[in-house]
Amino acid sequence: QVQLVESGGGLVQAGGSLRLSCAASGRTFSTNAMGWFRQAPGKEREFVAAVNWSGGITSYGDSVKGRFTISRDNAKNTVYLQMNSLKPEDTAVYYCAATAKTYGSIWSHEYDYWGQGTQVTVSS
């Protein structure tokens with residue numbers, strides 16, 4: 001079992017930055033690939049970014065490439081999402097997720113554990 005707790009969300013103006021954190025506890029964190037997803041009102045959950053177990057391999061959704069960076073610190077059992085050049089369309093609840101696989105996936109159904117989510121609101 002893995003417990004995930006996100007933090008760092010909030011209200012920011014367009015063009016600004018936020019860094020989300022996801023603290024993991026429970027079973028071994030360092031062997032799990034991790035991902036970030038987001039869901040805006042009335043829309044389906046969308047893949048944002050994923051990182052493999054070591055942090056050496058990352059992937060991003062097309063809408064955030066070049067603006068967001070995912071990273072992890074296995075010593076701290078934490079994964080991060082640095083979000084720069086934020087746009088109003090980035091407004092959503094952001095979820096951290098963990099998979100038993102060692103490599104991340106863009107598909108939400110391949111993740112086994114989910115956090116409660118953190119709200120990010122970008123004003124224009």
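This chain uses plain numbering: 1 for the first residue, then up along the sequence.
Residues Val79 and Ile70 meet the side-chain proximity criterion, which asks for heavy atoms closer than 4.5 Å. Counting heavy atoms from C-beta outward, Thr102 and Asn52 have side chains that stay 4.5 Å or more apart. At a threshold of 4.5 Å between non-hydrogen side-chain atoms, the residues Gln82 and Phe68 do not count as touching. Between Val120 and Met83, the closest side-chain pair of non-hydrogen atoms falls below 4.5 Å. With a 4.5 Å cut-off on side-chain heavy atoms, Leu20 and Tyr80 do not count as touching. Within the 4.5 Å cutoff, no side-chain heavy atoms of Leu81 are placed close to those of Thr69. In this structure, Met34 and Cys96 have side chains that are in contact, with non-hydrogen atoms separated by less than 4.5 Å.
Tyr94 and Val12 fall within the same hydrophobic cluster, where Ile, Leu, Val, Met, Phe, Trp and Tyr residues are linked whenever their side-chain heavy atoms come under 4.5 Å apart, directly or through other members.
Sorted pairs that involve residues 70-83 and meet salt bridge (Lys or Arg N to Asp or Glu O under 4.0 Å), not counting sequence neighbours, are lacking altogether. Pairs passing the salt bridge (Lys or Arg N to Asp or Glu O under 4.0 Å) check and including a residue from residues 95-117, sequence neighbours excluded, do not occur. The side chain to side chain donor-acceptor pair (under 3.5 Å) contacts involving residues 55-64 comprise Arg38-Ser63, Glu46-Ser63, Asp62-Lys65, where partners must be two or more places apart or lie in separate chains. Listed by first then second residue, pairs satisfying side chain to side chain donor-acceptor pair (under 3.5 Å) with a partner in residues 6-18 read Glu6-Gln116, Ser17-Asn84, not counting sequence neighbours.
To the nearest 0.5 Å, the span separating OH on Tyr111 from CD1 on Ile106 amounts to 9.0 Å. If you take CG on Leu4 and OH on Tyr113, they are separated by 9.5 Å, rounding to the nearest 0.5 Å.
Taking the six-membered ring for Trp and the full ring otherwise, the centers of Trp114 and Phe37 sit less than 6.0 Å from each other.
Looking at every heavy atom in both residues, Ala50 comes nearest to Gly104 through CB-CA, 4.1 Å. Residues Ser124 and Ala14 come closest through the heavy atom pair CA-CB, 4.3 Å. Minimum interatomic distance between Gln1 and Gln3 (heavy atoms only, all atoms of both residues): CG-NE2, 3.1 Å. In this structure, Ser105 and Phe47 approach most closely via the heavy-atom pair O-CE1, 3.5 Å. Of all non-hydrogen atoms in Val48 and Val64, the two that sit nearest each other are O-CG2, 3.4 Å. Ala24 approaches Val2 most closely through the heavy-atom pair CB-CG1, 4.3 Å.
Ile57 forms part of a hydrophobic cluster together with Trp53, Tyr103, judged by ILVMFWY side-chain heavy-atom separations under 4.5 Å.
Taking Arg67 as the reference, Asp90 meet the salt bridge (Lys or Arg N to Asp or Glu O under 4.0 Å) condition, with sequence neighbours excluded.
Listed for the Tyr95 side chain is no donor-acceptor partner under 3.5 Å among the backbone atoms of Gly35.
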